[in-house]
Structure formats: structure tokens, C-alpha cells
Amino acid sequence: MTVAVAIDFGGTKIDGALVDDAGRLLPGSRVRRPTGGSASVAALEASLDAVLAEVIRGVPVGEYLVGAGIGCAGPVDVVGGTVSPLNVPAWIDYPLVDHITSVLGDVPVTLRLDGLCIALAEHWVGATRGYDNVMGMIVSTGIGGGLILNGQAISGSSGNAGHIGHIEVGGFDDPCACGGTGCVEAIASGPSSVAWARSRGWVGETGEQLSVAYRAGDVIAVAAVERAGRALGRAIASATALNDLDVVAIGGGFSHVTPDLFTIIRNTIRSRSRFEFVKKVLVLPSALSGDGPLIGAAALVLQPHRLTHQPITIPLMEVP
Ligand SMILES: [Zn+2]
């Protein structure tokens, strides 16, 4: 058996674990430390180092450590190995790959956007197994995503491909933290939906409370969920028109607000386009609960054939 160190770095926490070559977390290997928007560089490094040290201690005697995969909140720069997570202002162009390499020593370290890790995990052992044109999505505090097309993970020029949270949805002009307006994250994330409901007079404060109010039939909560589902459906329809997707798997806390969210998304896609190649896209709940980001981070080193950005040498042809 080979194992990989998996790290998931987000706006509120770092998760780490050991994952085996069958895509399973090793029992007892999961570690968590806080990050947070007000944390200093030193505090973030201390959390990261503590996670790495504890995870490495768990490598079973005699097992082969194949490397470390890192999923990180965006934006990232996978060419330079640096990260600038939007919700962690202390880290701007932070050399995350170099730091982890300095701790782990001579093993491969691969960094990708956390959304791509979700897509890899669902494709490997989750809800989208058997499909080669996949988008993985997280609908939570923010909205992220990643793409696998023709069986290959798509990174793009800098590693930020598939960042669906910041595509613009028609009919909305809500301002977004990225500087744009009408981004699906600014409409359909948990906090965005709660803020919209509160602006209409609803008095709750969290996505969980919105879920309870929806189940009770609260008119504003129902409208907020329908609004989020419409925006998500339009965004997925656009992503499918661009990428000819087979399937989208959605995880994240706010995706559990109600199972009806998926019905609204599917109905929106069907009413949005007459194209069969758009209407065909399946929209499924994640099959991986909270383990998806770590399994996908491990896939970066345990499933390297899925990654693009590998150097390809094209032989020069002699002109006769
Ligand atoms: Zn945006």
C-alpha cells in the first residue's frame, strides 16, 4: 500500500490526513487546525506545521509515502507554487509548496485549487465515477468548483480553471467580493442567501436556520432557496454549454439546505436551454461528505495521470 499526505487549506481551517491508494482516509489520521481571516503569517505557518507533523507521525511503519497533495482556496498560482486565498489576507503570493517541501523533505508536493480536488475526489471514488466530463462544486460559505474534461483534470494557465463561483448569472447584479457583480457566489452561497432573506425581513442568521425555516414553509426562506437554486441552475447550464459536461456533483454545507435545492437546479437547467447537450447534465449530491477535499488532494499525487500541466515534449520536424 502507498499513502499520501493530503492537506486542505481553507478560510477557517487546515485539514490534513493520510489517504491510501484506494482513496480511503487512514482511520485516525485526520487533523485540523484553525486559520481565519485575522491570523498572521506566523500563526498560519504554526497551524500548518502542526498539521504536517501530526499527519506524518501517523504514517504506518513500512508503508511508502508517495508525496503530498495540497488543495487550497483560491486564487492559487500552481506554476509558482504560491497561494493568495481570498479569505486569508495574510497570505498574498505565499510560497505554500516551498514551505511544505521544506518540512517534508524529498517527496513530491503538488498544489491545486480546492475546487479541482473536489472534482478529482468525486471522479475517483465519489458520485461521478464512470463519467469523464465532470464538474465538482462546493456550495458553502463561498462557491467553488473544478473541472475534469475527457478524463483530465483541467488547471488552466495559473491553476484557477473551474472557479465557477465567479461566473456571472443573468438577471442578478449583486456585488461580489471579487470586484464583479452578479457572480453566482454573491447570489447563492449560504451567507448570500441568508443576507438576501434578511433584507426581505427574515430574522434568522445562519444557513441552518434558513433550512429550518424552509421546512416550516416560511415564505421568505422558500423564496431565498428558490433564488439560490435558480442562480445555481443557470450557472451550471452555462458551464455545461461551455464544457459539454456529463455530470455535476455538489457538496458543501449550504447544498444540504433542502433536497429541493437539487430539484430547483435541475428544473432551471431544463427550462434554460433547448439544447440536449445542456439538458442532459446530471446534477447529483456529493457522495463524499467532508472527506472529499482531502481525498481529492491525495489524488494529486496518487492519480497523477489525471493531471494536466505535465511537460510534453513535441519533437521538432525537419522541413524538407
Ligand atoms: Zn465574484
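For ligands, and for the atoms within them, numbers begin at 1 and follow the listed sequence. Note that the structure is predicted; figures quoted are calculated from it, not measured.
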Counting N and O atoms only, with roles assigned by atom type, does the side chain of Arg112 sit under 3.5 Å from a partner on the main chain of Ser155, one being a donor and the other an acceptor? no
Would you call Lys280 and Asp244 a salt bridge, using N to O less than 4.0 angstrom? yes
So, do Ile118 and Met137 sit near enough that their side-chain heavy atoms are less than 4.5 Å apart? no
Can you confirm whether Tyr131 is buried at OH, in the sense that more than 12 heavy atoms of other residues, nucleotides or ligands lie under 6.0 Å from that atom? no
Would you list the protein N, O or S atoms within less than 2.8 Å of the Zn ion (ligand 1), leaving out water? His166 ND1, Cys176 SG, Cys178 SG, Cys183 SG
Can any side-chain N or O of Ser193 pair as donor or acceptor with the backbone N or O of Ala224 at less than 3.5 Å? no
Output the distance between atom CD1 (Ile154) and atom CE (Met135), rounded to the nearest 0.5 Å. 13.5 Å
